[in-house]
Colleague: 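The structure that follows is given in the form of structure tokens.
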2 protein chains.
Amino acid sequence: MERELLLLGLLRSQDMHGYQLHEAIDSHLGMGVQLTKPTAYRLLSNMADDGWVNFREEQEGNRPPRRVYAITQQGEVAFQRLLRENLGNYQPSDFTCHIGLAFLDELSAEEALPLLHSRRTGMEALLESTRAHGEHPGSLQLMLERQVHLLAAELEWLDTVIARLRNAQHETGVQGGNET
Amino acid sequence: MERELLLLGLLRSQDMHGYQLHEAIDSHLGMGVQLTKPTAYRLLSNMADDGWVNFREEQEGNRPPRRVYAITQQGEVAFQRLLRENLGNYQPSDFTCHIGLAFLDELSAEEALPLLHSRRTGMEALLESTRAHGEHPGSLQLMLERQVHLLAAELEWLDTVIARLRNAQHETGVQGGNET
DNA sequence: TTCAGACTATTCCGAATAGACTAATCTGCA
DNA sequence: TGCAGATTAGTCTATTCGGAATAGTCTGAA
């Protein structure tokens, strides 16, 4: 329901067609929110079936007519409900994509360290690009702030892991290769 | 490919059948890793097609025969590759499920604060249960540690948001109801 | 002894998904 | 002015996903 909440929230500020909605999400929220075009269109069509939004066909020049969606009173009610639901309970985030960390001890420190450094570089790049994203209207700013805070925390944690690995490597004595 | 990495990683330590694998993931990693039973079975069957695992039919008592999977040499190669790939590049986490925060300013402080407190309670509960999860073999411990670190950071951030809202509420003067 | 409810183990099938595609218009530059 | 490449707008379809169903076994309590 989060994706519906997002679409409704955007439609509250302005009537929009599917492409426009997808663009708005893709450019402002980037890779942080997964909502592909076909999915956006399907959700809009579903919400129209549910009476949460309606649409008018609009034509500009010779271009094919497009469906401009607007939120309905029912949609507004749904938005208010979904917003309260979403804010009120915390969903733990999925860490499937970080599962490699669970097998870190399968690698020697010599192999693990460069990989973790590469990982660190990617995190820093993302942190910078999020910071550089600049001003955003209203609470979108809040989301970016949160992202920056979390990335900084994870970076900090990763540094402790790297430090520990370095120490372990040092204690054992630096052996040129990996012990087979 | 993360789910394949996880299954291969578990099979490296011990031959297992699908149900057992699903159980191991569900109980140890809880809600942090999404891998439903049908998906686990399908991934195993796909990996068998790819030659990453093989299986033997095993029967216990009158129970229907079950497929006990084992990792192959090819699977081990795949595991090593996937592990390095996964550790080396950082995937930004999806924050779709926190999108409500982007519309926080649509609510009055009077309405927002109790919701954020409820959210906070959920986060603290998760933090405690993660901390209480106790000792885990090898680097699984590392994953839990990471989870704790990130939850603590997000809790900290949420507290600043709550504090700001309280201040704003104070500045404006506490009006009993919501201005319509 | 039987029957309800829980557990083991897997599969089916409809729903959701997103990469690739279509098709039209605009843009700029040679 | 012509046309290559980018942009706008939306859809098709093959794949992926997971809730629910299936089918059998165990446990314990009445």
Side-chain angles (χ1 to χ4, degrees), chain A residues 1-7 10-11 14-50 52-70 91 94 96-97 99, chain B residues 1-7 10-11 14-50 52-70 91-92 94 96-97:
Chain A
M1 290 281 97
E2 295 91 7
R3 287 157 24 276
E4 282 87 346
L5 174 61
L6 176 56
L7 291 172
L10 292 173
L11 286 178
Q14 190 185 345
D15 295 356
M16 279 189 264
H17 52 90
Y19 190 83
Q20 212 172 348
L21 281 161
H22 175 73
E23 275 301 296
I25 292 167
D26 222 43
S27 65
H28 286 311
L29 298 170
M31 67 236 88
V33 172
Q34 272 130 333
L35 185 52
T36 61
K37 246 182 311 168
T39 301
Y41 281 104
R42 195 181 39 76
L43 291 178
L44 285 168
S45 137
N46 290 162
M47 291 199 293
D49 291 347
D50 293 346
W52 291 8
V53 298
N54 55 31
F55 59 86
R56 53 181 189 279
E57 304 257 305
E58 211 168 71
Q59 192 146 18
E60 197 172 330
N62 274 9
R63 285 166 167 290
R66 55 195 185 186
R67 294 183 166 185
V68 176
Y69 286 90
Q91 295 261 177
D94 179 25
T96 310
C97 65
I99 199 66
Chain B
M1 290 281 99
E2 294 90 8
R3 282 138 52 264
E4 281 87 346
L5 174 61
L6 176 55
L7 291 172
L10 292 174
L11 287 178
Q14 190 184 344
D15 295 355
M16 279 188 263
H17 53 91
Y19 191 86
Q20 209 173 350
L21 280 160
H22 175 74
E23 277 299 296
I25 292 168
D26 223 42
S27 65
H28 287 310
L29 298 168
M31 69 237 87
V33 171
Q34 272 128 333
L35 185 51
T36 61
K37 252 186 297 176
T39 300
Y41 281 104
R42 192 175 33 75
L43 291 178
L44 285 168
S45 139
N46 291 162
M47 290 200 293
D49 291 347
D50 294 345
W52 291 7
V53 297
N54 55 30
F55 60 86
R56 53 181 190 279
E57 303 257 306
E58 213 168 68
Q59 194 145 15
E60 195 173 332
N62 273 8
R63 286 166 165 287
R66 55 193 185 187
R67 294 183 168 185
V68 177
Y69 286 90
Q91 295 261 176
D94 181 22
T96 309
C97 63

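So that the names make sense, note that chain A is the first sequence line, chain B the second, and so on, each numbered from 1. As the structure is a prediction and not an experimental result, all values here were calculated from the model.
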Colleague: Checking L21(A) against L35(A) for the side-chain contact (heavy atoms from CB on, under 4.5 Å) test, could you report, in this order, the C-alpha distance in whole Å, the side-chain angles of both residues, the deciding distance, and whether it holds?
Modeller: CA-CA 10 Å; L21(A) 281 161; L35(A) 185 52; over 6 Å; no
Colleague: With a 3.5 Å distance limit and no angle check, can you tell me whether D50(B) reaches the backbone of W52(B) through a side-chain donor-acceptor pair?
Modeller: no
Colleague: For E23(B) and for P38(B), find the nucleotide of DNA chain C with the closest heavy atom, then tell me which residue's nucleotide is more 5'.
Modeller: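 Between the two, 5'-proximity favours E23(B).
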Colleague: Taking OP1 and OP2 of dT11(C), is either one under 4.0 Å from a side-chain nitrogen or oxygen of Y41(B)?
Modeller: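 Answer is no, no contact under 4.0 Å.
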Colleague: When you get a sec, tell me which of dC12(C), dC17(D), dT17(C) is the closest nucleotide to the side chain of T39(A)?
Modeller: dT17(C)
Colleague: Y41(A) side chain to T36(A) main-chain N or O, any donor-acceptor pair under 3.5 Å?
Modeller: no
Colleague: Considering all heavy atoms of both residues, which atom of L7(B) and which atom of M47(B) are nearest to each other, and what is their separation?
Modeller: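 Scanning both residues, the minimum pair turns out to be CB-CE, 3.8 Å.
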Colleague: Whole angstroms only, please: what is the CG-C1' distance between N46(B) and dT11(C)?
Modeller: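 Taking atom C1' of dT11(C) as the reference, CG of N46(B) is at 14 Å.
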Colleague: Please confirm whether the shortest side-chain N or O distance from R42(B) to OP1 or OP2 of dT16(D) is below 4.0 Å.
Modeller: no
Colleague: Calculate the interatomic distance between L35(B) atom CG and dG19(D) atom P; express it in whole Å.
Modeller: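 It works out to 12 Å between those atoms.
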Colleague: Using whole Å, report how far CD of E2(B) lies from P of dT16(D).
Modeller: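 About 14 Å, once rounded to whole Å.
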Colleague: Looking at E23(A), is its backbone amide N or carbonyl O close enough to the side chain of S27(A) to form a donor-acceptor pair, meaning the two atoms are under 3.5 Å apart?
Modeller: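 The answer is yes, because a donor-acceptor pair under 3.5 Å joins these two groups.
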Colleague: Between P on dT7(D) and CD on Q20(A), what's the gap in Å once rounded to a whole number?
Modeller: 17 Å
Colleague: Whether H22(A) contacts dA9(D) is assessed here as follows: a side-chain N or O lying under 4.0 Å from the phosphate OP1 or OP2. Is that the case?
Modeller: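 No, outside the criterion.
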Colleague: Tell me whether the OP1 or OP2 atom of dG10(D) has a side-chain N or O from Y19(A) closer than 4.0 Å.
Modeller: no
Colleague: Expressed as a whole number of angstroms, how long is the span from L43(B):CG to dC17(D):P?
Modeller: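 Whole-Å distance recorded here is 7 Å.
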Colleague: Can you tell me if the side-chain N/O atoms of R3(A) get under 4.0 Å from OP1 or OP2 in dT17(C)?
Modeller: yes
Colleague: Could you state the atom-to-atom distance from CG of L21(A) to P of dA9(D) in whole Å?
Modeller: 12 Å
Colleague: Any side-chain N or O of T36(B) under 4.0 Å from OP1/OP2 of dC17(D)?
Modeller: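 Answer is no, no contact under 4.0 Å.
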Colleague: Nearest whole angstrom, please: distance from the C1' of dA9(D) to the CE of M16(A).
Modeller: 15 Å
Colleague: Please report, rounded to the nearest Å, how far the P atom of dG19(D) is from the NZ atom of K37(B).
Modeller: 11 Å
